S.K.: 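Here's a structure for you.
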Amino acid sequence: MHVNQLHPWPTSVSEAESVQERLRLHVELTGPTDFTTVAGLDVHYHGDDALSAAVVVLDSGTLAVVDQVVVHGKAAFPYVPGLFAFRELPALVEALERLTVTPDLLVCDGYGLAHPRRFGLACHLGVLTGLPSLGVAKTPFVGTHTTPDRERGSWTPIILDDTTVGRTVRTQKAIKPVYVSQGHRITLDTATAQVLRLAPRFRLPDPIRAADHLARQST
DNA sequence: GCGACAG
DNA sequence: ATCTTGTCGC
(Lines give C-alpha, C1' and ligand atoms only; values in the text may rest on other atoms or scores of the structure.)
Protein backbone atom coordinates (compact mmCIF):
# COMPACT_ATOMS: atom_id res chain seq x y z
CA MET A 1 0.00 0.00 0.00
CA HIS A 2 1.02 3.63 -0.43
CA VAL A 3 1.74 5.86 2.58
CA ASN A 4 2.14 9.63 2.39
CA GLN A 5 5.73 10.56 3.14
CA LEU A 6 6.74 11.97 6.48
CA HIS A 7 7.32 15.71 6.57
CA PRO A 8 10.82 17.02 7.32
CA TRP A 9 12.00 14.64 9.99
CA PRO A 10 12.26 16.42 13.38
CA THR A 11 15.71 16.65 14.93
CA SER A 12 14.65 18.19 18.24
CA VAL A 13 11.91 17.85 20.81
CA SER A 14 10.34 21.17 19.82
CA GLU A 15 10.31 20.25 16.12
CA ALA A 16 8.67 16.92 16.89
CA GLU A 17 6.05 18.64 19.02
CA SER A 18 5.35 21.06 16.16
CA VAL A 19 4.80 18.17 13.77
CA GLN A 20 2.24 16.72 16.19
CA GLU A 21 0.48 20.06 16.62
CA ARG A 22 0.22 20.43 12.85
CA LEU A 23 -0.86 16.90 11.97
CA ARG A 24 -3.39 16.64 14.78
CA LEU A 25 -5.64 19.02 12.82
CA HIS A 26 -6.20 16.23 10.27
CA VAL A 27 -7.54 13.67 12.76
CA GLU A 28 -11.17 12.62 12.14
CA LEU A 29 -13.14 11.06 14.98
CA THR A 30 -15.90 9.36 13.01
CA GLY A 31 -15.70 6.59 10.42
CA PRO A 32 -16.74 3.09 9.42
CA THR A 33 -17.93 0.52 11.96
CA ASP A 34 -17.02 -2.66 10.06
CA PHE A 35 -13.73 -3.81 8.59
CA THR A 36 -12.87 -6.70 6.28
CA THR A 37 -9.18 -6.86 7.17
CA VAL A 38 -7.39 -5.62 10.27
CA ALA A 39 -3.67 -4.96 10.71
CA GLY A 40 -1.78 -5.31 13.99
CA LEU A 41 1.47 -3.33 14.40
CA ASP A 42 4.23 -3.78 16.94
CA VAL A 43 7.95 -3.14 17.38
CA HIS A 44 10.54 -5.20 19.18
CA TYR A 45 13.76 -3.58 20.38
CA HIS A 46 17.20 -5.17 20.60
CA GLY A 47 20.19 -3.50 22.19
CA ASP A 48 20.80 0.23 21.80
CA ASP A 49 18.57 1.41 18.99
CA ALA A 50 18.05 -1.64 16.78
CA LEU A 51 14.46 -2.65 16.23
CA SER A 52 12.17 -4.94 14.23
CA ALA A 53 8.83 -3.54 13.12
CA ALA A 54 6.10 -6.03 12.26
CA VAL A 55 2.72 -5.65 10.59
CA VAL A 56 0.33 -8.60 10.35
CA VAL A 57 -2.94 -8.34 8.42
CA LEU A 58 -5.73 -10.62 9.59
CA ASP A 59 -9.10 -11.47 8.06
CA SER A 60 -11.43 -9.61 10.38
CA GLY A 61 -13.93 -12.46 10.58
CA THR A 62 -11.76 -15.57 10.83
CA LEU A 63 -8.66 -13.86 12.28
CA ALA A 64 -6.59 -15.84 9.75
CA VAL A 65 -3.34 -14.25 8.56
CA VAL A 66 -3.68 -12.57 5.15
CA ASP A 67 -0.27 -10.87 4.87
CA GLN A 68 2.70 -9.99 7.04
CA VAL A 69 5.89 -7.92 6.83
CA VAL A 70 8.90 -7.41 9.13
CA VAL A 71 11.34 -4.51 8.72
CA HIS A 72 14.65 -4.30 10.58
CA GLY A 73 15.85 -0.79 11.36
CA LYS A 74 16.89 1.65 14.02
CA ALA A 75 14.99 3.88 16.40
CA ALA A 76 14.59 7.21 14.61
CA PHE A 77 14.35 9.42 17.72
CA PRO A 78 15.32 9.25 21.40
CA TYR A 79 12.69 8.03 23.81
CA VAL A 80 10.79 11.02 25.10
CA PRO A 81 7.36 10.46 26.69
CA GLY A 82 4.82 12.02 24.33
CA LEU A 83 7.17 11.64 21.33
CA PHE A 84 7.38 7.88 21.43
CA ALA A 85 5.87 7.57 17.94
CA PHE A 86 8.91 9.16 16.29
CA ARG A 87 11.05 6.20 17.32
CA GLU A 88 9.07 3.61 15.39
CA LEU A 89 7.27 5.53 12.68
CA PRO A 90 9.77 5.14 9.79
CA ALA A 91 10.09 1.36 10.27
CA LEU A 92 6.34 0.87 10.66
CA VAL A 93 5.61 3.01 7.57
CA GLU A 94 8.10 0.99 5.53
CA ALA A 95 6.47 -2.25 6.70
CA LEU A 96 3.04 -0.91 5.70
CA GLU A 97 4.36 0.09 2.28
CA ARG A 98 5.57 -3.46 1.67
CA LEU A 99 2.15 -4.98 2.30
CA THR A 100 0.47 -6.52 -0.75
CA VAL A 101 -2.98 -5.66 0.63
CA THR A 102 -4.35 -2.44 2.13
CA PRO A 103 -5.87 -3.16 5.56
CA ASP A 104 -9.14 -1.50 6.58
CA LEU A 105 -8.09 -0.79 10.19
CA LEU A 106 -4.76 -0.29 11.97
CA VAL A 107 -4.56 -1.63 15.53
CA CYS A 108 -1.54 0.06 17.10
CA ASP A 109 0.46 -0.75 20.21
CA GLY A 110 0.27 2.50 22.21
CA TYR A 111 -2.02 5.51 22.42
CA GLY A 112 -4.00 7.63 19.99
CA LEU A 113 -6.00 10.55 21.32
CA ALA A 114 -5.00 9.75 24.92
CA HIS A 115 -1.82 11.80 24.61
CA PRO A 116 -0.56 15.14 26.00
CA ARG A 117 -1.17 16.83 22.61
CA ARG A 118 -3.97 14.44 21.57
CA PHE A 119 -1.75 12.88 18.90
CA GLY A 120 -0.23 9.55 19.86
CA LEU A 121 1.18 6.87 17.54
CA ALA A 122 -2.24 5.59 16.43
CA CYS A 123 -3.33 9.08 15.30
CA HIS A 124 -0.02 9.63 13.52
CA LEU A 125 -0.20 6.36 11.56
CA GLY A 126 -3.85 6.97 10.77
CA VAL A 127 -3.22 10.42 9.33
CA LEU A 128 -0.18 9.29 7.30
CA THR A 129 -2.04 6.35 5.76
CA GLY A 130 -5.53 7.84 5.67
CA LEU A 131 -6.79 4.60 7.24
CA PRO A 132 -8.99 4.15 10.31
CA SER A 133 -6.78 3.43 13.34
CA LEU A 134 -6.96 2.87 17.08
CA GLY A 135 -4.46 2.53 19.90
CA VAL A 136 -4.26 -0.15 22.58
CA ALA A 137 -1.83 0.47 25.45
CA LYS A 138 -0.90 -1.76 28.36
CA THR A 139 -0.33 1.00 30.92
CA PRO A 140 -2.04 4.34 31.63
CA PHE A 141 -0.32 7.43 30.25
CA VAL A 142 -2.43 10.56 30.62
CA GLY A 143 -5.72 11.52 32.19
CA THR A 144 -7.69 10.07 35.08
CA HIS A 145 -9.86 6.98 35.19
CA THR A 146 -11.54 4.57 37.57
CA THR A 147 -11.24 0.78 37.57
CA PRO A 148 -13.78 -1.04 35.37
CA ASP A 149 -15.86 -3.95 36.70
CA ARG A 150 -14.07 -7.28 36.53
CA GLU A 151 -16.36 -8.70 33.82
CA ARG A 152 -15.14 -8.93 30.23
CA GLY A 153 -16.54 -6.00 28.24
CA SER A 154 -16.79 -3.50 31.08
CA TRP A 155 -15.05 -0.15 30.65
CA THR A 156 -14.58 3.32 32.16
CA PRO A 157 -13.70 6.62 30.49
CA ILE A 158 -10.22 8.15 30.51
CA ILE A 159 -10.65 11.89 31.14
CA LEU A 160 -8.13 14.60 30.24
CA ASP A 161 -9.02 18.27 30.76
CA ASP A 162 -12.72 17.43 31.15
CA THR A 163 -12.71 15.57 27.84
CA THR A 164 -12.99 11.83 27.23
CA VAL A 165 -9.84 10.78 25.38
CA GLY A 166 -10.15 7.00 25.69
CA ARG A 167 -11.40 4.06 27.76
CA THR A 168 -10.03 1.45 30.09
CA VAL A 169 -11.42 -1.80 28.68
CA ARG A 170 -11.58 -5.18 30.40
CA THR A 171 -10.96 -7.64 27.56
CA GLN A 172 -10.91 -10.69 29.86
CA LYS A 173 -12.62 -11.37 33.17
CA ALA A 174 -10.44 -10.40 36.15
CA ILE A 175 -7.46 -9.57 33.90
CA LYS A 176 -5.84 -6.12 33.94
CA PRO A 177 -7.67 -3.75 31.58
CA VAL A 178 -6.13 -2.28 28.42
CA TYR A 179 -6.22 1.42 27.55
CA VAL A 180 -8.00 2.15 24.28
CA SER A 181 -8.15 5.39 22.35
CA GLN A 182 -9.16 6.63 18.92
CA GLY A 183 -6.48 7.06 16.27
CA HIS A 184 -8.13 8.33 13.08
CA ARG A 185 -11.47 7.92 11.28
CA ILE A 186 -13.08 5.93 14.10
CA THR A 187 -15.45 6.57 17.00
CA LEU A 188 -14.62 5.56 20.56
CA ASP A 189 -17.58 3.16 20.56
CA THR A 190 -16.30 1.45 17.42
CA ALA A 191 -12.74 1.33 18.76
CA THR A 192 -13.99 -0.29 21.97
CA ALA A 193 -16.16 -2.79 20.11
CA GLN A 194 -13.32 -3.76 17.77
CA VAL A 195 -10.82 -4.24 20.60
CA LEU A 196 -13.27 -6.52 22.39
CA ARG A 197 -14.08 -8.44 19.23
CA LEU A 198 -10.38 -8.86 18.36
CA ALA A 199 -9.47 -10.06 21.86
CA PRO A 200 -11.78 -13.08 22.30
CA ARG A 201 -9.28 -15.12 24.33
CA PHE A 202 -6.38 -12.98 25.56
CA ARG A 203 -5.80 -9.59 27.14
CA LEU A 204 -4.42 -8.03 23.94
CA PRO A 205 -6.13 -8.08 20.51
CA ASP A 206 -4.97 -10.94 18.26
CA PRO A 207 -3.56 -8.60 15.57
CA ILE A 208 -1.18 -7.02 18.10
CA ARG A 209 -0.22 -10.42 19.49
CA ALA A 210 0.51 -11.68 15.98
CA ALA A 211 2.69 -8.65 15.22
CA ASP A 212 4.47 -8.97 18.56
CA HIS A 213 5.27 -12.63 17.93
CA LEU A 214 6.46 -11.95 14.40
CA ALA A 215 8.75 -9.10 15.49
CA ARG A 216 10.30 -11.29 18.20
CA GLN A 217 10.77 -14.35 16.00
CA SER A 218 12.47 -12.31 13.32
CA THR A 219 15.57 -11.82 15.51
C1' DG B 1 10.85 22.47 42.76
C1' DC B 2 10.45 17.19 42.19
C1' DG B 3 9.09 12.98 40.28
C1' DA B 4 6.61 10.51 36.87
C1' DC B 5 6.11 9.61 32.09
C1' DA B 6 2.83 5.05 25.78
C1' DG B 7 7.23 1.68 24.11
C1' DA C 1 11.23 -1.46 25.52
C1' DT C 2 15.08 -4.66 27.76
C1' DC C 3 17.53 -7.45 31.68
C1' DT C 4 16.56 -12.02 34.65
C1' DT C 5 14.80 -15.29 38.27
C1' DG C 6 10.96 -17.21 40.19
C1' DT C 7 6.24 -18.72 40.17
C1' DC C 8 1.73 -19.99 38.55
C1' DG C 9 -1.31 -22.42 35.40
C1' DC C 10 -2.69 -25.13 31.45
Side-chain angles (χ1 to χ4, degrees), chain A residues 10 13-14 16-17 19-21 23-24 27 39-56 70-96 106-128 133-145 157-161 163-169 171-184 188 191 195 200-205 207-219:
Chain A
V13 165
S14 61
E17 289 173 347
V19 170
Q20 292 181 330
E21 295 288 3
L23 292 184
R24 66 183 286 200
V27 169
L41 298 84
D42 193 29
V43 171
H44 185 242
Y45 290 86
H46 351 245
D48 300 326
D49 56 355
L51 56 76
S52 304
V55 179
V56 180
V70 188
V71 166
H72 302 288
K74 296 193 171 209
F77 206 80
Y79 176 68
V80 180
L83 300 179
F84 155 68
F86 291 93
R87 289 176 73 68
E88 333 194 312
L89 228 23
L92 286 172
V93 166
E94 186 175 342
L96 286 168
L106 304 181
V107 180
C108 307
D109 185 34
Y111 277 109
L113 214 60
H115 176 275
R117 283 169 297 281
R118 309 288 212 283
F119 197 75
L121 174 67
C123 299
H124 209 137
L125 281 166
V127 167
L128 290 181
S133 64
L134 63 86
V136 180
K138 298 178 282 295
T139 62
F141 182 35
V142 294
T144 58
H145 59 84
I158 299 171
I159 309 287
L160 180 62
D161 298 332
T163 307
T164 296
V165 294
R167 286 176 183 166
T168 73
V169 178
T171 53
Q172 297 298 326
K173 182 178 180 178
I175 297 296
K176 278 198 302 179
V178 294
Y179 303 83
V180 175
S181 58
Q182 290 154 280
H184 182 54
L188 187 50
V195 167
R201 185 161 152 61
F202 299 104
R203 181 185 181 222
L204 292 175
I208 288 185
R209 287 170 48 84
D212 179 79
H213 292 159
L214 178 60
R216 287 176 190 278
Q217 285 176 202
S218 70
T219 307

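What you see is a predicted model; the values in this text were computed from it and never measured. Naming convention: chains lettered A, B, ... in sequence-line order (proteins, then strands); numbering from 1 in each chain.
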S.K.: With a 4.5 Å limit on heavy-atom distance, are the side chains of A:S218 and A:H72 in contact?
M.R.: yes

S.K.: Any side-chain heavy-atom pair from A:T139 and A:K176 closer than 4.5 angstrom?
M.R.: no

S.K.: Look up atom CG in A:L204 and atom CG in A:D212, then write down how far apart they are to the nearest 0.5 Å.
M.R.: 8.0 Å

S.K.: Sugar-phosphate atoms are those with a prime plus P, OP1 and OP2; base atoms are the rest. Using that split, label each nucleotide of nucleotides 2-7 of chain B B, S or - for protein heavy atoms under 4.0 Å, 5' to 3'.
M.R.: ---BBB

S.K.: Measure from the side-chain N and O atoms of A:R87 to the backbone N and O of A:F77, and report whether any donor-acceptor pair falls under 3.5 Å.
M.R.: yes

S.K.: Report the distance from atom CZ of A:R201 to atom P of C:dC10, rounded to the nearest whole Å.
M.R.: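 After rounding, the reported distance stands at 11 Å.
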
S.K.: Quick one: does any side-chain atom of A:H115 pair with a main-chain N or O of A:G82 as donor and acceptor, under 3.5 Å?
M.R.: yes

